[in-house]
**Q** 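Sharing a structure, written as structure tokens. Questions coming.
A, B, ... follow the sequence lines: proteins, then strands. Residue 1 opens every chain.
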Amino acid sequence: MNLSVIAVPLIISLIFAWGLYKRVNILDTFIEGAGENLKTAVSLLPTLALLMLGVGMFRASGALDALTGLLSRFTDAIGFPRECLPLALLRPVSGSGALAILKNILDENGPDSFAGRVASVLMGSTETTFYTIAVYFGATRVKKSRHALPAALTGDITAFLLSSLLVRLFFGFTAR
Amino acid sequence: MIGYLLFFMILGSFAYSMWAGTSAEVSAAVISSGADAVSLVLTLAGSMAVWGGVMKIAERSGLTEALTRVMQPLLRLIFRGLKKESEALRSIAMNLSANLMGLGNAATPLGIEAMRALEREENPRDAATPNMIKLAVMNACSAEVIPATVAALRADAGSRAPMEILPCVLLVSFASLAAALAAAELFDLWRKE
């Protein structure tokens with residue numbers, strides 16, 4: 001048995017069992033939470049429409065291929081799949097943009113390909129860095145965020161370097 | 001910033017397509033982009049609704065509370081120099097548990113509250129304190145236990161095992177969080193001298 005296969009059903013069962021034990025109204029609570037998130041998902045649509053337009057045009061024109069071709073000279077050396085470069089570039093800047101790119105990568109290369117897995121890991125293990133730092137310091141009176149951004153970007157670079165390495169480690173070195 | 005980026009992408013696509021002769025493809029991409037956005041939202045909406053429901057049960061049954069209590073002593077190792085009954089530390093713990101459980105909507109307001117509490121307790125003049133920096137950095141790194149959104153997109157694209165990336169995601173998340181916090185500490189030491 002593989003841990004990743006059991007994790008989700010196990011967590012869901014535990015949460016439901018604990019909820020029942022604590023006498024939470026499972027039905028109403030679930031519906032309330034589901035409804036809230038459904039509204040959030042729908043509210044993403046206008047932004048995603050715009051980003052899909054930009055990403056779609058950029059990809060269809062061939063400009064994206066040209067850009068990744070240029071950058072891949074450096075990233076091929078560390079074994080990072082060039083298909084995932086657009087994701088690595090856009091991820092720290094825009095969450096919706098990264099979603100749009102991830103969907104493209106998964107549809108084009110297949111989710112269980114090397115590139116598909118690296119893209120999934122990169123997406124799942126990083127955040128919209130620039131946005132987060134801006135929101136967090138925007139809420140305070142301090143004017144200088146000092147080394148917050150460089151430190152956060154160190155995390156992003158670590159994730160970028162490790163994602164392709166760990167996918168090889170878990171799913172085989174010859175995978176491509 | 002994202003506005004400029006889109007402006008560059010759209011104008012750049014137009015210019016590049018004129019040069020590369022791919023205008024027909026770009027035109028088709030414009031027509032289909034709206035429908036692509038809708039299908040992406042449909043994929044996301046289902047999984048987000050299910051997780052929202054499950055996590056609401058976790059929240060109501062006090063699981064988030066319990067997680068918050070367990071985490072506080074650990075967080076003291078990262079956020080140092082706070083009072084014993086620190087309101088900020090409690091907010092930080094709540095923010096992190098919400099992040100761990102994938103409650104993105106709840107995590108941001110809690111994090112901002114924690115940021116303001118730190119500001120009240122540490123009273124910085126115009127530059128951020130080390131603890132404020134660490135809190136922002138922690139939130140700029142992903143700490144989600146179940147990558148539900150990614151798994152939903154993988155399932156939609158026909159993956160045999162959408163969740164098989166889970167161990168990789170956890171390891172990479174943890175390593176990048178550790179690297180980012182270590183970088184924050186190092187920058188701090190370096191700037192003090």
Side-chain angles (χ1 to χ4, degrees), chain A residues 4 7-8 12 15 18-19 22 24 29-30 32-34 36-38 41 44-45 48-49 52-54 56-58 60-63 94 103 106-107 111-112 117 120-121 123-127 129 132-133 136 139-140 142-148 151-152 154-155 158-159 162-163 166-167 170, chain B residues 2 6 9-10 12-13 16-17 20 22 25-26 29 33-34 36-37 40-41 44-45 48-49 52-54 56-58 60-61 105 112 115 119 124 126-128 133 136-137 139-142 147 150 153-154 157 159-160 163-169 171-173 175-176 179-180 183-184 187:
Chain A
S4 61
V8 174
I12 296 219
I15 289 173
W18 187 251
K22 285 283 178 181
V24 173
T29 312
F30 185 95
E32 191 190 327
E36 277 173 19
N37 267 15
L38 209 52
L44 282 174
L45 186 53
L48 278 173
M52 271 294 189
L53 179 70
M57 282 177 76
F58 203 63
S61 71
S94 160
K103 184 181 158 57
L106 294 179
D107 288 345
D112 300 326
R117 280 171 177 150
S120 307
V121 171
M123 182 74 192
S125 58
T126 48
E127 262 294 333
T129 306
T132 310
I133 299 285
Y136 273 66
T140 65
V142 298
K143 288 182 199 78
K144 293 178 194 146
S145 63
R146 296 175 65 215
H147 49 265
T154 308
T158 310
L162 279 181
S163 56
L166 273 170
V167 168
F170 271 82
Chain B
I2 195 74
L6 275 163
M9 279 171 87
I10 290 173
S13 310
Y16 193 89
S17 69
T22 47
E25 285 87 342
V26 174
S33 66
D36 285 346
L40 180 55
V41 165
L44 294 179
M48 279 174 72
V54 172
K56 201 73 174 179
I57 295 172
R60 285 280 154 78
S61 62
N105 292 332
I112 287 171
M115 205 71 179
E119 194 176 25
D126 67 333
I133 291 173
V137 165
N139 275 279
C141 292
S142 163
V150 175
L153 281 178
R154 288 172 59 78
S159 171
R160 271 175 284 114
M163 272 291 174
E164 69 180 1
I165 47 144
L166 183 69
C168 274
V169 170
L171 282 172
V172 176
S173 296
S176 70
F187 276 123

**Q** Under a 4.5 Å heavy-atom cutoff, which of B:A29, B:A183, B:S173, B:G12 has the most pairs with chain A?
**A**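 Option with the greatest count: B:S173.
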**Q** Go through the atoms of A:S145 and report whether side chain, backbone, both or neither lie under 4.5 Å from a heavy atom of chain B.
**A** backbone
**Q** Side chain, backbone, both or neither: which part of A:K22 has a heavy atom under 4.5 Å from chain B?
**A**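 Looking at A:K22, just its side chain touches chain B.
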**Q** Is A:V24 in contact with chain B via its backbone, its side chain, both, or neither, using a 4.5 Å heavy-atom distance?
**A**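 Answer is side chain: those atoms of A:V24 sit under 4.5 Å from chain B.
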**Q** Could you tell me which of B:A37, B:S61, B:S33 has the largest number of non-hydrogen atom pairs under 4.5 Å with chain A?
**A**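 Most heavy-atom pairs within the cutoff with chain A belong to B:S61.
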**Q** What's the spacing between A:R117 CZ and B:R154 CZ if we round to 0.5 Å?
**A** 7.0 Å
**Q** Return the option, out of A:I12, A:L44, A:T126, with the maximum number of heavy-atom pairs under 4.5 Å with chain B.
**A** A:T126
**Q** Among B:A20, B:S17, B:A136, which residue forms the greatest number of heavy-atom pairs with chain A at distances under 4.5 Å?
**A** B:A136
**Q** Can you tell me which of A:P111, A:G33, A:A41, A:G19 forms the most heavy-atom pairs within a distance under 4.5 Å of chain B?
**A**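 Among A:P111, A:G33, A:A41, A:G19, the one with the most close pairs to chain B is A:P111.
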**Q** Just jot down the side-chain contact (heavy atoms from CB on, under 4.5 Å) partners of B:A179, sequence neighbours excluded, or say none.
**A** A:T158
**Q** If we ignore hydrogens and angles and just use 3.5 Å, is the side chain of B:T22 paired with the main-chain N or O of A:S61 as donor and acceptor?
**A**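 It does hold such a pair.
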**Q** Which distance, rounded to the nearest 0.5 Å, do you find between the CZ of A:F170 and the CD1 of B:I165?
**A** 11.5 Å
**Q** Measuring from A:S125:OG to A:L162:CG, what's the distance to the nearest 0.5 Å?
**A** 8.5 Å
**Q** Of all residues at least two apart in sequence or in a different chain, which pass the side-chain contact (heavy atoms from CB on, under 4.5 Å) check with A:T129?
**A** A:P92, A:I133, A:L149, A:A152, A:L153, A:D156, B:A140
**Q** Do B:L40 and B:L153 make a side-chain contact, defined as non-hydrogen atoms from C-beta onward lying under 4.5 Å apart?
**A** yes
**Q** If I measure from the heavy atoms of chain A, does B:A58 come under 4.5 Å with its side chain, its backbone, both, or neither?
**A** both
**Q** Given the options A:D107, A:L166, A:T154, which has more heavy-atom pairs under 4.5 Å with chain B than any of the others?
**A** A:L166
**Q** Looking at A:L106, A:L48, A:L38, A:T140, which has the largest count of heavy-atom pairs under 4.5 Å with chain B?
**A** A:T140
**Q** Kindly indicate whether the side chain of B:E164, heavy atoms from C-beta on, has any atom under 4.5 Å from the side chain of A:D112.
**A** yes
**Q** Could you have a look at B:N139, B:V150, B:I10 and say which one has the most heavy-atom pairs with chain A under 4.5 angstrom?
**A**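 The option with the most such pairs is B:N139.
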**Q** Which one wins on heavy-atom pair count under 4.5 Å against chain A: B:A175, B:P124, B:A184, B:G34?
**A** B:A184
**Q** Checking the side chain of B:D36 only, and the main-chain atoms of A:M52 only, is there a donor and an acceptor separated by less than 3.5 Å?
**A**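 No, B:D36 side chain to A:M52 backbone: no donor-acceptor pair under 3.5 Å.
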**Q** For the interface with chain A, which of B:V54, B:I112, B:D126, B:V169 has the highest count of heavy-atom pairs at distances below 4.5 Å?
**A**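 If we count pairs closer than 4.5 Å to chain A, B:D126 comes out on top.
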